[in-house]
2 protein chains.
Amino acid sequence: MTDDPEHVCADQESISLLLQSIPSEDELCRICDIFGALQSETRLKILFLLSGGGLCVKELEGALDISQPAISHSLRTLRQLDLVRVKKEGRFAVYHIADEHVHTLIDMCRKHVSEHE
Amino acid sequence: MTDDPEHVCADQESISLLLQSIPSEDELCRICDIFGALQSETRLKILFLLSGGGLCVKELEGALDISQPAISHSLRTLRQLDLVRVKKEGRFAVYHIADEHVHTLIDMCRKHVSEHE
DNA sequence: TAAACATATGAACATATGTGCATATATTTA
DNA sequence: TAAATATATGCACATATGTTCATATGTTTA
């Protein structure tokens, strides 16, 4: 015998209702892609570095022990999802965090890290 | 001729300094894994559904057009990263969002979605 | 205009990941 | 204890992803 009352499954109607409250396939897909882009040490490092201010590819190359093409590929991924933006300055391509959303996300990560001792 | 002053690359010292401000490899790895878990329509749907309250596997199965084993696999992934937790209630395994961090994350997604019209 | 520099891209390969199927485990009910 | 129910797991396969190498593009300087 158990103290806990047994769980009562919701009927199909309530479940259908629940389903309506979640984002559409399209929206989920987009969210997915964004998280996918963040599932990469390289791209996370880039975002953390850029969160301090704009940097060109050369600087990122100096900071990260990763080849230039690999960095460019990562930047493209981040660019395509509008997580970073480029501005051409002379011969350099200066990348920066796209907007406050992304800044918030990075801050969130920092907090998460610091809270886990 | 251009109005913009050309970008000036930071020297290696400043770059080394920048590097110190980003999370350690270990922490990055953990963040990576979390985002990795979120890069899945199935797992995102599960999280959105659970954000309304605890649900057992059976209910998730009724809501999602996905096989029971696939759902269990997804739940395991989420469990291992402590994004969801289980509580056994009789013969049911009731899953719920692990903590406020995760709730915040899901809310963030909802906001993101609603702000992009 | 040639050379040097900064960045981007494409193809290819190795590895990671998700899903289905079969099946194992655990709990409850008869 | 047998049968039914609820969930978990292992394996295998198809697909997705990241990285490297070679090379293309674009910009500046000599």
Side-chain angles (χ1 to χ4, degrees), chain A residues 1-10 15 28-29 32-46 50 54-81 84-96, chain B residues 1-10 15 28-29 32-46 50 54-81 84-96:
Chain A
M1 205 216 261
T2 158
D3 309 297
D4 299 328
E6 171 156 296
H7 176 72
V8 178
C9 282
I15 289 182
L28 279 174
C29 212
C32 248
D33 287 344
I34 291 177
F35 285 132
L38 298 172
Q39 181 211 20
S40 148
E41 275 194 54
T42 298
R43 289 187 296 260
L44 280 177
K45 281 184 194 169
I46 290 176
L50 293 184
L55 293 173
C56 70
V57 181
K58 197 107 216 303
E59 291 166 313
L60 290 171
E61 199 183 345
L64 306 169
D65 196 24
I66 301 168
S67 73
Q68 178 269 315
I71 293 178
S72 274
H73 280 308
S74 287
L75 287 170
R76 175 167 57 169
T77 302
L78 294 172
R79 221 170 48 220
Q80 286 173 336
L81 291 165
V84 303
R85 291 182 188 148
V86 213
K87 192 181 167 197
K88 275 310 213 67
E89 289 192 27
R91 35 186 183 147
F92 299 100
V94 180
Y95 281 81
H96 54 92
Chain B
M1 205 214 262
T2 159
D3 309 295
D4 300 329
E6 171 157 296
H7 175 72
V8 178
C9 283
I15 289 182
L28 279 173
C29 211
C32 248
D33 287 344
I34 291 176
F35 285 132
L38 299 172
Q39 180 211 20
S40 149
E41 274 194 54
T42 298
R43 289 188 296 259
L44 279 177
K45 280 184 194 170
I46 290 176
L50 294 184
L55 294 173
C56 70
V57 180
K58 197 107 216 304
E59 290 167 314
L60 290 171
E61 199 183 345
L64 306 169
D65 197 24
I66 301 170
S67 73
Q68 177 270 315
I71 293 178
S72 275
H73 280 309
S74 287
L75 286 170
R76 175 166 57 167
T77 302
L78 294 172
R79 223 170 46 221
Q80 287 173 336
L81 291 166
V84 304
R85 291 182 188 148
V86 212
K87 191 181 167 196
K88 275 310 214 68
E89 288 192 27
R91 35 188 182 145
F92 299 100
V94 181
Y95 280 82
H96 53 92

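Each chain gets a letter, A, B and so on, in the order its sequence line appears, and its residues count up from 1.
Of the two residues near DNA chain D, B/K58 and A/I66, the one whose nearest nucleotide lies more 5' is B/K58. The nearest heavy atom of DNA chain D to A/G36 and to B/L75 marks one nucleotide each, and the one closer to the 5' end goes with B/L75.
The side chain of A/A70 approaches D/dT20 more closely than any other nucleotide in the set C/dA8, C/dG20, D/dT20. When each of D/dA8, C/dT7, D/dT9 is scored by its nearest atom to the side-chain atoms of A/S72, the top-ranked nucleotide is C/dT7. In the set D/dT27, C/dA8, C/dA6, C/dA8 carries the atom at the smallest distance from any side-chain atom of A/V57. Nearest nucleotide to the A/R91 side chain, out of D/dT28, C/dA8, D/dT7: D/dT28. Proximity note for B/P69 (side chain, C-beta onward) versus C/dC21, D/dA6, C/dT9: the nearest is C/dC21. Out of C/dT27, D/dA6, C/dA8, the shortest distance to the side chain of A/Y95 is found at C/dA8.
For the atom pair A/L60 CG and A/T42 OG1, the distance stands at 11.0 Å (nearest 0.5 Å). Taken from CD1 in A/I66 to CD1 in A/I46, the straight-line distance is 6.5 Å, to the nearest 0.5 Å. Separating the CG atom in A/L44 from the OG atom in A/S74 is a distance of 10.0 Å, to the nearest 0.5 Å. Taking CZ of B/R43 as the reference point, atom SG of A/C32 lies at 8.5 Å (rounded to 0.5 Å).
A straight line from CG of B/L64 to P of D/dT7 spans 13 Å, rounded to a whole angstrom. One atom, CZ of A/F92, and another, P of C/dA4, lie 17 Å apart when rounded to the nearest Å. Taking atom CG of A/D33 as the reference point, atom P of D/dA16 lies 12 Å away to the nearest angstrom. The interatomic distance linking A/K88 (NZ) with D/dT28 (P) rounds to 8 Å, in whole Å. Summarising the geometry, the separation between CZ on B/F35 and C1' on C/dT17 is reported as 18 Å, rounded to the nearest angstrom. The distance from atom CD1 of B/I71 to atom P of C/dT19 is 10 Å, rounded to the nearest whole Å. Computed from coordinates, the A/L78 CG to D/dG18 P distance equals 10 Å when rounded to whole Å. Spacing between atom CG of A/L55 and atom C1' of C/dT7 amounts to 15 Å, rounded to whole angstrom units.
Residue A/R76 places at least one side-chain N or O under 4.0 Å from the OP1 or OP2 atom of C/dG10. At the phosphate of C/dT19, neither OP1 nor OP2 sits under 4.0 Å from any side-chain N or O atom of B/S67.
Non-hydrogen atoms lying under 4.0 Å from DNA chain D are contributed by B/Q39, all within residues 37-44 of chain B.
The two residues A/Y95 and A/V57 come nearest to each other via the heavy atoms CE1-CG2, 3.8 Å. Residues B/C29 and A/E41 approach most closely at SG-OE2, 3.9 Å, considering heavy atoms.
The only option from A/K87, A/E59, A/R91 that meets the side-chain hydrogen bond (donor to acceptor under 3.5 Å, both in side chains) definition with B/H7 turns out to be A/E59.
Judged by atom type and distance alone, B/Q68 does not reach the base of D/dA6 through any side-chain donor-acceptor pair under 3.5 Å.
Under the stacking criterion of a centre-to-centre distance below 5.5 angstrom and an interplanar angle below 30°, A/H73 sits stacked against the six-membered ring of C/dT9.
Ring geometry for B/F35 against A/F35 counts as parallel: the plane angle stays under 30°, on a 0 to 90° scale with 60° as the upper cut.
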